[in-house]
Amino acid sequence: MNNSEVSKVFEKIAGLLELKGESVFTIRAYQRAARTIEHLPTELAQMIKEEKDLRQIPGIGEAISSKIKEMVTTGQLEYLENLKGEFPDGILALMDVPGIGPKTALRISTEMGISTVDALEEAIVEGRLATMPRLGEKTAENILRHIRSLRTKDQRIPIGRALGVAEQVISALKRACPGIHQMDAAGSLRRWQETIGDVDIMGTSDDPAGVIDSFVGLSMVEEVLVHGPTKASVVVHGGLQVDLRMVDDDSYGALIQYFTGSQQHNIRLREFANRMGLSLNEYGITDVKTGRVEKFTDEGSFYTRLGLQFIPPELREGLWEVDMATRQELPSLVEVKDIKGDLHCHTNESDGRDQLESMVNAARAKGYEYVAITDHSAGRGIANGLSEERLKQHMQNIWDLDRSLSDIKILTGSEVDIRSDGSLDYTDEILAQLDIVVASVHSAMGQEREKMTDRIVMAMHNPHVDIIGHLTTRLLGERDPVDVDVEAVFKTAVETGTALEINASPERLDLKDIHVMRARELGVPLIISTDAHATEHLDSMRFGVAVARRGWCRSADILNTRPVGEFLSFLRR
DNA sequence: GCCGTTTTCGGCCCGACTGTTTTCAGTCG
């Protein structure tokens, strides 16, 4: 069982314990464990293999630790099976509908004999649900709406799209309303989580009501859900929900802290504050004894008041960040401005849109010291991959351009296919002539775990391979990751000195955050590249940097923060 | 069920909204 499966089991247990009327603190303990495990960088199975004490993980004690061991070693959990037996089938599915909690689910199930969402929908349409005591028309209607929206819209959307929407909204409002003082996206977007449920925007202004009015009137707005004087919710084209909340300047710090979350981070922070005799909410910090409330115009002073180092939003997942901030031990995270070069770019010689010169000029405009041109190898026929002949000519063109420019070093490279048997798409002679070789999987993605792992490990043992591109080949919301033993790949990377790419394309984000965290722990060389297929894609670097930050990377953990000379000596090592 | 700069026992984040209600339970984030 992998971590996400274990996490889901604990979610289920929490749900069933709610139905059972178990202590809310027990329920909360399981929920917390589930969320923590979801964000854990290391596979629990790996930790057990290495005989690590699972109780080192925050929120995991004796009972949960032994349940994890049972699951990982036997593939099931007796406790869950027994618990399930106490309730009708399907009841957890009912609880997945927003608006239906344990109490309602139990009543629907026992009093009406309904155990599926479909049957529930039918009952509502026929008016049967509304006849139950304490469940009126409005409740029934509300549940129906949620059932239907669960079916019609994607739950979470990739961050690339959500960020685009948020930036459009913010810039449109700033243009329309000169009285805006501050305005930022909060929530999972500000934490740069890879998928986003809805967009939360906070702001302050001379004329909050005017800003709200402009917001609901934006051309991209399809439906207005709520429209009050300080808060509004809308649905924009594509079905994404956007909330805007306007507050007073002196509340802004506490508010954006609160709405940035995560919920788990806020809980940790509030527990910590409680031990200091302070109580936190979205309006400020209250001294419990005196009842005096302190307000904060910015988030930095909020954390400072608690005696904490500022915690970057990307770290706010409720793991160790609060503890480390108390000791001022949070790392200084890598930033976009630290990046000195992009190492994965395509031109129109293979499947890119723009010419070599354009791509290089775009990289120069970024102030990069180096850029690698890595068009596809021949095996990618569909991507207009380069034969050895064409590659040689392409290299010549790159050398010529490189000689004519003094402010940037252009590296000759290739994104070479790792074939299904682990061999590479170019001969070693050709690879040896390139400055940089990115090796990636583009085919036979359905291979079973062992074969896929061997295939990639074999490529890493080729001395010409510098970087493994987009390790899992996933496309967010479109294509699942391949099944690969990530731990084995990381160990090989350390042995062979092969770097792993954090592919910054917002469709990929591959490695993902928790993989980056684990890779960094193990000392895997990491680089961040955009995989640009057009000049504007070079802007995606910020997504890759965000993933690296979510993996707790400092600039020293990322190879392409090194100046050109140092980077070239890494390549020639 | 977890956890500790008061505690190995006795606490556990905090507030808002909604609906069917005469004071609140249920749900959500």
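First the proteins, then the strands, lettered A, B, ... as listed; each starts at 1. The figures that follow rest on heavy atoms only: side chains count, while hydrogens, waters and symmetry mates do not.
Between Glu271(A) and Arg275(A), no side-chain nitrogen of the basic residue sits less than 4.0 Å from a carboxylate oxygen of the acidic one, so the salt-bridge criterion is not met. Using a 4.0 Å cut-off between a side-chain N of Lys or Arg and a carboxylate O of Asp or Glu, Arg35(A) and Glu317(A) do not qualify as a salt bridge.
Taking atom C1' on both dT6(B) and dG11(B), the two are 12 Å apart, rounded to the nearest angstrom. dT7(B) and dC2(B): their C1' atoms are spaced 14 Å apart (whole Å). dC17(B) and dG4(B) are spaced 35 Å apart, taking the C1' atom of each and rounding to whole Å. Annotation: dC9(B) and dA16(B) have their P atoms spaced 37 Å apart (nearest Å). Annotation: dC3(B) and dT8(B) have their C1' atoms spaced 9 Å apart (nearest Å). One C1' atom belongs to dG10(B), the other to dT18(B), and the distance between them is 34 Å to the nearest Å. For the P atoms, the distance from dT22(B) to dG29(B) is 26 Å, rounded to whole Å.
Side-chain nitrogen and oxygen atoms of Thr104(A) include at least one within less than 4.0 Å of the OP1 or OP2 phosphate oxygen of dT27(B). Close to dC13(B), at under 4.0 Å from its OP1 or OP2, lies a side-chain N or O of Arg28(A). At least one side-chain nitrogen or oxygen of Asn274(A) sits closer than 4.0 Å to the OP1 or OP2 atom of dC14(B).
Residue Arg270(A) places its side chain closer to dC13(B) than to any other of dG19(B), dG26(B), dC13(B). In the set dC13(B), dG1(B), dA25(B), the nucleotide with an atom closest to the side chain of Ser23(A) is dG1(B).
With hydrogens and angles ignored, no donor-acceptor pair under 3.5 angstrom links the side chain of Tyr283(A) to the base of dG15(B).
A donor-acceptor contact closer than 3.5 angstrom is absent between the side chains of Asp89(A) and Ser115(A).
In terms of modelled atom types and a separation under 3.5 Å, the side chain of Asn3(A) and the main chain of Leu44(A) share a donor-acceptor contact.
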